[in-house]
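Report on the structure given below.
The chains referred to below are lettered A, B, ... by the order of the sequence lines, with proteins before strands, and numbering in each begins at 1.
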Amino acid sequence: MLEKEYDPKDIEQKWYDVWLEHNYFHARDDDGSRKPYTIVIPPPNVTGVLHMGHALNNTLQDVMIRFKRMDGYNALWMPGTDHAGIATQNVVEKYLASQGRSRHDLGREAFIEEVWKWREKHGGLIITQLKRLGASCDWDRTRFTMDEGLSNAVKKVFVSLYEEGLIFRSDYIVNWCPRCHSALSDLEVEHEEEDGHLWHIRYPYAEGSGEVIVATTRPETMLGDTCVAVNPSDERYTDLVGKSVILPVMNRRIPVIADFMVDKEFGTGAVKITPAHDLNDYEMSIRHNLDVVVIIDESGIMNENAGPYQGMDRFDCREALEKDLQDQGYLVDKTPYRVPVGKCYRCKSVIEPYLSKQWFVKVRPLAEAAIKAVEEGRTRIVPKQWEKVYYEWMHNIRDWCISRQIWWGHRIPAWYCDACDEIIVSENEPAACTRCKNGTLRQETDVLDTWFSSGLWPFSTMGWPDQTPALKTFYPTDVLITGFDILFFWVARMMMLGIKFMGEVPFRDVYLHALVRDEQGQKMSKSKGNIVDPITEMDKYGADAFRFALTAFAAMGRDVRISDKRVQGYRFFINKIWNAGRFVLANIEGLDPDRGALDSAALSIADKWILTELNRTIAGARAAFEDYRFNEAADILYQFTWHTFCDWYIELSKPMLAGEDSLSAKWVLYTVFKAILELLHPIIPFVTEEIWQCLPGQGKDSIVITSYPRERKEFDYSADAELMGTIIEVISGVRSIRGETGISPSVQLDVVIRVANPEVQSLLGLNRVYIKELARVREVVFITGTDQHPKRCALAVRKGLEVYVPLEGVVDIEKEMERLDKQKAKVHKELEDKRKKLSNRNFVEKAKKDVVEEQMRLRDELEFELKSLQKAHELLAG
RNA sequence: GGGCGGGUAGCUCAGUUGGGAGAGCGUCGGCCUUACAAGCCGAAGGUCACAGGUUCAAUUCCUGUUCCGCCUACCA
């Protein structure tokens, strides 16, 4: 028996432990009897704490995996965490700093050990939190991107791509974070427009008098200028090309060159070129064979090439230089200007374009295969609109900088020979230089971009490069569920690397969900203080309510706005289910569910109706899940559970249960409610298990592994269900009159019903008990088409029926007349619209036949209603 | 600069082949009807951003305008 109040705290932990104990979440590699269904988790950062994004992402995955598990699949949800190189290193460095230590004090090896220790201690938190959410991952398989197996996969991939020429090492301008002391990929830079300035600076001619004025948003870079460039077609500067100007302050002679990249329209049409600190400038320097002068160091400090500014921070230098330029008369102008600023996505420091030697992946050939896979539909991106974004990015893809100058991560498996400068790339440390045989080897100190290893996730977690049974069974995976924000970072790279190394796409479907925002639609952030904490929500309302809320708001392609209030709303829903469970359990005594279905002759019209509705709900929910329309699935199930089953069927069942022949009602109550629990289980696993376990019946282990409900042909009673719909209309008609005329629910009424169709009338008569009970009616009287309208009555017109409630002595007649007037006006207007439409010959001729018929039917209904209202009005008056 | 998404009831949002505008919350009125007051019954509330076009018919398709959000970009 269920407690009076539902308390999630008691239940959730209990059932989760049971599920683990019975290994329900484990998928077997060797289960040949069932079709596999696989999802790999987007691995959260090992240092992470569960936030709303995780909660949404993992709830949706759990919904799918539980649905498929129940539906008979060998369902694997592969869990794990990501080593998150820069983020984790930052966290541990911060921790060391709190003790007054730095990673440099420790040295590389000791620092890495420190990170492992940190991970040992704190790395399990997010896993614990996922369990709290109810995630049904196959925990025995939990992987970490730095595990030995996954690290071997990384090495193998690196070596293989290198040997194929798809990985190379080169000098290039990269995005450098002066705080993280590392290069970043293009994706790891966040672009923003900020208020800045445009400085116009005078560069005097080296020979003769005159000057050229250049415009820049970063004056400090002029210290590293090695030329001034103009457009070759710019007549203003034709004579100047090939001559020299003097770089102010530094008093260096630099040439003026012509390059087609220069925009004549911008500024003065002359641009200063700083090859070491600007990508465009660097590429131009290659074309023109220019000098390259590095003036800023790895920490953003001006170096020895910056002359008097050596040792200054780059922004301090800007100020100092501006003053000097001003004092010396070189500064022509300084105007406000919106400037694009790149920032480190991890620490928000301003990125410095920086010339350095880095490792790159030549991604274009990989991207082409990944594009083709989506074009050919081997991988489907849902919602489809993201396909375009995917193509756009893939088509314009640039080489991927994969080396990071940090310590925590997969160290690049490359060795340099200090004797002959040979680079040896190998999975294992080479014993000697492969070329000169006698040089000393030192390993590359850089580590790989974290996304390089997570790009292998769908197969590295399954044991690749070994051809494991898991790999054979579960790759390719069925769906990847993740946020659109990592489409490029992660999804695209898994596509490229999966196709490359497995020869097959990593997933059939990619479902991209939206970001979770706060109530006002703002991105959640610590600084804004608008974080909604998943754990807090679960403490307050339970994991089920929280999960249902997330599922219900996961509409395709839309932001998910979460608010405490909404979660509370779904907490009420959980409570509703709980109470329905109490009702059902209290009323099915004597029922032996194992004796099978009753024959249909024993079923009441209400029974047939709810079974038919159940079938529709099952079909709707299944289709919605299959198409990742999570909010629709939630909506359909919510609607059916609360408003169809609880509001109507339970009420309809009460008179049946009170009667002599209550067995069919008991059986239906049990059957439908059990199905409701099973239908809802993927979304709200805990409460459904708790109640399900209380239901009678044998051979039950857990709702987790029971079959997901299917439509049953023998439950389809569409014709009878329609009559039940009519009964419901009658009841709501009476209730409506009651509500609008202010008749107290405690007052018993009589009802007169006019039905045109004699068959319907007789069936209504047979089922009058429902009307009596649910509308609180004493007598139901039927009249036929030829009978007089009853006098002094309120009227409700529904579906070709007139429902009269005699008002004599019950309510103010004047008021009822007013009400009828209002009603009449409304119906009249609608009727006019219909008539107008139907009198339009174009419509009648051109519209589809069934549409016209429908309109005619509606017109007739409205006419009937209007006529009824008019007569009722007259009789009320008389 | 390019691209994408959005503007529907007071609020948050659904609305998939174009054919009588929906839900939840909130509001108002009435109910402790023996599963549930975390509940039940009833009601009010919208020129579907604006302007054109296609069509017998447009919230839905097309064009333009405007406002908001996001992604992307090597114009100093």
Separation of the P atoms in B/U16 and B/A49, to the nearest angstrom: 14 Å
A/R857 or A/F572, whichever maps to the more 5' nucleotide of RNA chain B: A/R857
Touch class at under 4.0 angstrom, heavy-atom based, for A/W199 against every strand present: nothing
Distance below 4.0 Å between A/S736 side-chain N/O and B/A43 OP1 or OP2: yes
Separation between the C1' atoms of B/U63 and B/A21, rounded to whole Å: 25 Å
Separation of the P atoms in B/U33 and B/A38, to the nearest angstrom: 14 Å
Which atom of A/I173 lies closest to which atom of A/P275, heavy atoms considered: CD1-O, 3.3 Å
Polar contact flag, side-chain donor to acceptor under 3.5 angstrom, A/K837-A/S839: no
Touch class at under 4.0 angstrom, heavy-atom based, for A/D281 against every strand present: nothing
Touch class at under 4.0 angstrom, heavy-atom based, for A/Y541 against every strand present: nothing
Residue mapping more 5' on RNA chain B - nearest nucleotide basis, A/Y6 or A/D263: A/Y6
Euclidean distance for C1', B/C13 against B/G5 (whole angstrom): 15 Å
Sugar-phosphate only, base, or nothing, as touched by A/V214 at under 4.0 Å among non-hydrogen atoms: nothing
Whole-Å C1' distance, B/C28 and B/G15: 27 Å
Sugar-phosphate, base or nothing in reach of A/P340, heavy atoms under 4.0 Å: sugar-phosphate
Pair pattern of RNA chain B in dot-bracket, where unpaired bases get dots and | marks partners in another strand, Watson-Crick or G-U under 3.5 angstrom: (((((((..((((.....[..)))).(((((.......))))).....(((((..]....))))))))))))....
Touch class at under 4.0 angstrom, heavy-atom based, for A/E632 against every strand present: base
Donor-acceptor side-chain pairing of A/E188 and A/Y345 below 3.5 angstrom: yes
A/H643 side chain near B/G24 phosphate (N/O to OP1/OP2, under 4.0 Å): yes
Touch class at under 4.0 angstrom, heavy-atom based, for A/I173 against every strand present: nothing
A/E194 and A/Y337: side chain donor to acceptor below 3.5 Å: no
Any A/K654 side-chain nitrogen or oxygen under 4.0 Å from OP1 or OP2 of B/A35: yes
Spacing of the P atoms in B/C31 and B/U12 (rounded, Å): 33 Å
Side-chain N,O (A/K388) to OP1/OP2 (B/C4) below 4.0 Å: yes
Between A/Y203 and A/D225, a side-chain donor and acceptor under 3.5 Å: yes
Sugar-phosphate, base or nothing in reach of A/E392, heavy atoms under 4.0 Å: nothing
Short side-chain N/O contact to B/U72 OP1/OP2 from A/H191, under 4.0 Å: no
Nearest-angstrom distance, P atom, B/A9 to B/A73: 36 Å
Sugar-phosphate, base or nothing in reach of A/K836, heavy atoms under 4.0 Å: nothing
Side-chain N,O (A/Y391) to OP1/OP2 (B/G3) below 4.0 Å: no
Atom P, compared across B/G22 and B/G30: separation rounded to whole Å: 27 Å
Sugar-phosphate, base or nothing in reach of A/Q855, heavy atoms under 4.0 Å: sugar-phosphate
Residue A/L858, side-chain atoms from C-beta onward, closest of B/G26, B/G20, B/C41: B/G20
